[in-house]
There are 2 protein chains.
Amino acid sequence: MKKSHLDAAIGELIHAVGLLVRRVRAAAGPEELSLSAAAVLKRLDQDGPATISSLARAESMTSQSMGTIVAALEEDGLVKRKPHPTDGRQFLIQFTEKGKVLRKSRSAAKRAWMAQAVAQLDKDEQDVLFEAAKILKRLAER
Amino acid sequence: MKKSHLDAAIGELIHAVGLLVRRVRAAAGPEELSLSAAAVLKRLDQDGPATISSLARAESMTSQSMGTIVAALEEDGLVKRKPHPTDGRQFLIQFTEKGKVLRKSRSAAKRAWMAQAVAQLDKDEQDVLFEAAKILKRLAER
DNA sequence: TATTGTTATACTCTATAACTATA
DNA sequence: TATAGTTATAGAGTATAACAATA
């Protein structure tokens, strides 16, 4: 790809993700979790209990911001904290029973909007999108 | 794709774009434009002068929010407003000379981060990403 | 000394509500 | 009446700074 084309493509990519995030957020229902809060639950589901710092690193946020998100999830009864077995400074954040049950339903409106949008694409386009999601995640985590 | 796989892929997609937006935002330099402000300049560049309402619709925001963004760009001297030729309520937002010159440099740090990240992918992955950007944009604009 | 987490504070982005002017 | 834009106000999300406890 020529440099000018690459440059334009970078601009398109940034624009597209920004736009989509705004669109998804706007679709959120009244009781919905934020994108970040949903991301935390997703990580706990996939990787098991984790500390606030590790969650913050994984989601590209400061630990203070992650602390706020975890506190809100705790307040909501979706996660609880357990003392770290060997390090007295840390806590392991993990699901409550309620959290396991409500994990997806608390992001239902956003997921529904996205599902409806994706359903309007043909199969090849869907595949490109889901492949891209994996690449984007790797990119952002580096 | 089976329903459960599709459901998981939807979750991955939402997670990935949210994460990437946070990552890109965190890369922003001190004088950088917001993602939304950069998106407005990009649209003016591609489509020519536009009204606040049309920009708001295009970027999935309320016209009040877009008014704030345009006012900030105006304050910065990057855009100016011209009365609409036939409708006395509307304004056409367009670039100033300064705006044309500074359009990309005011998003330089975010673009640089993304360019560096994309450069670490192999060519096939880059193609998937840029193809996905087009699809995502169509999706978000519907 | 470095790291984990908390508290306090402030900024950015966007929304809702109420209004004015024009169509 | 309906639409374009403005002003005022509020909320969500995240950051920086200063601190306490533990490693």
Side-chain angles (χ1 to χ4, degrees), chain A residues 17-40 49-76 79 81-93 106-107 109-110, chain B residues 17-40 49-76 79-93 106-107 110:
Chain A
V17 295
L19 183 52
L20 191 67
V21 161
R22 244 174 287 127
R23 197 72 177 73
V24 169
R25 268 213 205 102
E31 288 287 299
E32 203 106 338
L33 294 172
S34 70
L35 284 169
S36 304
V40 167
T51 65
I52 288 179
S53 304
S54 69
L55 289 170
R57 271 190 301 273
E59 293 297 323
S60 287
M61 310 178 39
T62 62
S63 62
Q64 294 96 316
S65 299
M66 185 54 76
T68 306
I69 290 169
V70 167
L73 287 171
E74 209 179 356
E75 180 89 14
D76 253 25
V79 305
R81 61 181 74 204
K82 209 176 53 177
H84 192 283
T86 62
D87 188 331
R89 296 168 303 178
Q90 303 186 64
F91 297 96
L92 285 171
I93 311 301
R106 290 292 297 276
S107 306
K110 286 199 278 281
Chain B
V17 294
L19 184 51
L20 192 67
V21 160
R22 246 174 286 127
R23 198 72 180 74
V24 169
R25 258 208 297 258
E31 288 287 297
E32 204 105 336
L33 294 172
S34 72
L35 284 169
S36 303
V40 167
T51 65
I52 289 179
S53 304
S54 69
L55 289 169
R57 271 191 301 273
E59 293 297 325
S60 286
M61 309 177 41
T62 62
S63 61
Q64 295 97 315
S65 298
M66 185 54 76
T68 306
I69 290 169
V70 167
L73 288 171
E74 209 179 356
E75 181 89 14
D76 253 25
V79 304
K80 62 189 172 192
R81 61 180 74 204
K82 209 175 54 177
H84 192 283
T86 61
D87 188 331
R89 296 169 303 179
Q90 302 187 64
F91 298 96
L92 285 171
I93 311 300
R106 291 293 297 275
S107 306
K110 286 199 278 281

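Computed from a prediction, not measured in an experiment: that's the story for all the values here. Hydrogens, waters and symmetry mates play no part in the numbers below; they use all other heavy atoms, side chains included.
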Whole angstroms only, please: what is the [atom1]-[atom2] distance between [X] and [N]?
{"X": "B:Ile93", "N": "D:dA4", "atom1": "CD1", "atom2": "P", "result": "14 Å"}
{"X": "A:Leu92", "N": "C:dG5", "atom1": "CG", "atom2": "C1'", "result": "13 Å"}
{"X": "A:Ile52", "N": "D:dA15", "atom1": "CD1", "atom2": "C1'", "result": "16 Å"}
{"X": "B:His84", "N": "D:dA4", "atom1": "NE2", "atom2": "P", "result": "10 Å"}
{"X": "B:Arg23", "N": "D:dT14", "atom1": "CZ", "atom2": "P", "result": "15 Å"}
{"X": "A:Leu35", "N": "C:dC13", "atom1": "CG", "atom2": "P", "result": "17 Å"}
{"X": "A:Lys110", "N": "D:dA12", "atom1": "NZ", "atom2": "P", "result": "13 Å"}
{"X": "B:Arg89", "N": "D:dA4", "atom1": "CZ", "atom2": "C1'", "result": "6 Å"}

Heavy-atom pair with the smallest gap, counting every atom of B:Val17 and A:Val21: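 Residues B:Val17 and A:Val21, closest heavy atoms: O-CG2, 3.8 Å.
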
Looking at [X] and [Y], would you say the former's side chain and the latter's main chain have a donor-acceptor pair under 3.5 Å?
{"X": "B:Ser107", "Y": "B:Lys110", "answer": "no"}
{"X": "A:Glu32", "Y": "A:Ala109", "answer": "yes"}
{"X": "A:Arg22", "Y": "B:Glu59", "answer": "yes"}

Using the side-chain heavy atoms of A:Gln90, tell me which of these nucleotides is nearest: C:dG5, D:dT3, D:dA23.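 Shortest atom-to-atom distance from the side chain points to C:dG5.
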
Identify every side-chain donor-acceptor pair in residues 62-70 of chain B under 3.5 Å, counting partners at least two apart or on other chains, and give the distances.
| from | atom 1 | to | atom 2 | distance (Å) |
| --- | --- | --- | --- | --- |
| B:Thr62 | OG1 | B:Ser65 | N | 3.2 |
| B:Thr62 | OG1 | B:Ser65 | OG | 2.9 |
| B:Thr68 | OG1 | B:Gln64 | O | 3.2 |

With a 4.0 Å cut-off on heavy atoms, is A:Ser54 in touch with a base, just the backbone sugar-phosphate, or nothing at all? nothing

Once rounded to the nearest 0.5 Å, what's the spacing between atom NZ of B:Lys80 and atom CG of B:Leu73? 14.5 Å

Within this structure, what is the CD-OG distance for the pair B:Gln90 and B:Ser54, rounded to the nearest 0.5 Å?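 So the CD of B:Gln90 and the OG of B:Ser54 are separated by 8.0 Å.
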
Quick check on C:dG5: is either OP1 or OP2 less than 4.0 Å from any side-chain nitrogen or oxygen of A:Ser53? yes

By nearest-heavy-atom nucleotide on DNA chain D, the more 5' of A:Leu33 and A:Gly88 is A:Leu33

So which one's nearest nucleotide on DNA chain C is more toward 5', B:Thr86 or A:Gly67?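 Mapping each residue to its closest nucleotide by heavy atoms, the 5'-most match is A:Gly67.
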
Pairwise N/O distances under 3.5 Å, protein to nucleotides 14-17 of chain C:
| from | atom 1 | to | atom 2 | distance (Å) |
| --- | --- | --- | --- | --- |
| C:dT14 | OP1 | A:Arg22 | NE | 3.3 |
| C:dT14 | OP1 | B:Ser36 | OG | 2.8 |
| C:dT14 | OP2 | B:Ser36 | OG | 2.9 |
| C:dA15 | OP2 | B:Thr62 | N | 3.1 |
| C:dA15 | OP2 | B:Thr62 | OG1 | 3.2 |
| C:dA15 | OP2 | B:Ser65 | OG | 2.9 |
| C:dA15 | N7 | B:Ser65 | OG | 3.3 |
| C:dA17 | N6 | B:Gln64 | NE2 | 2.8 |

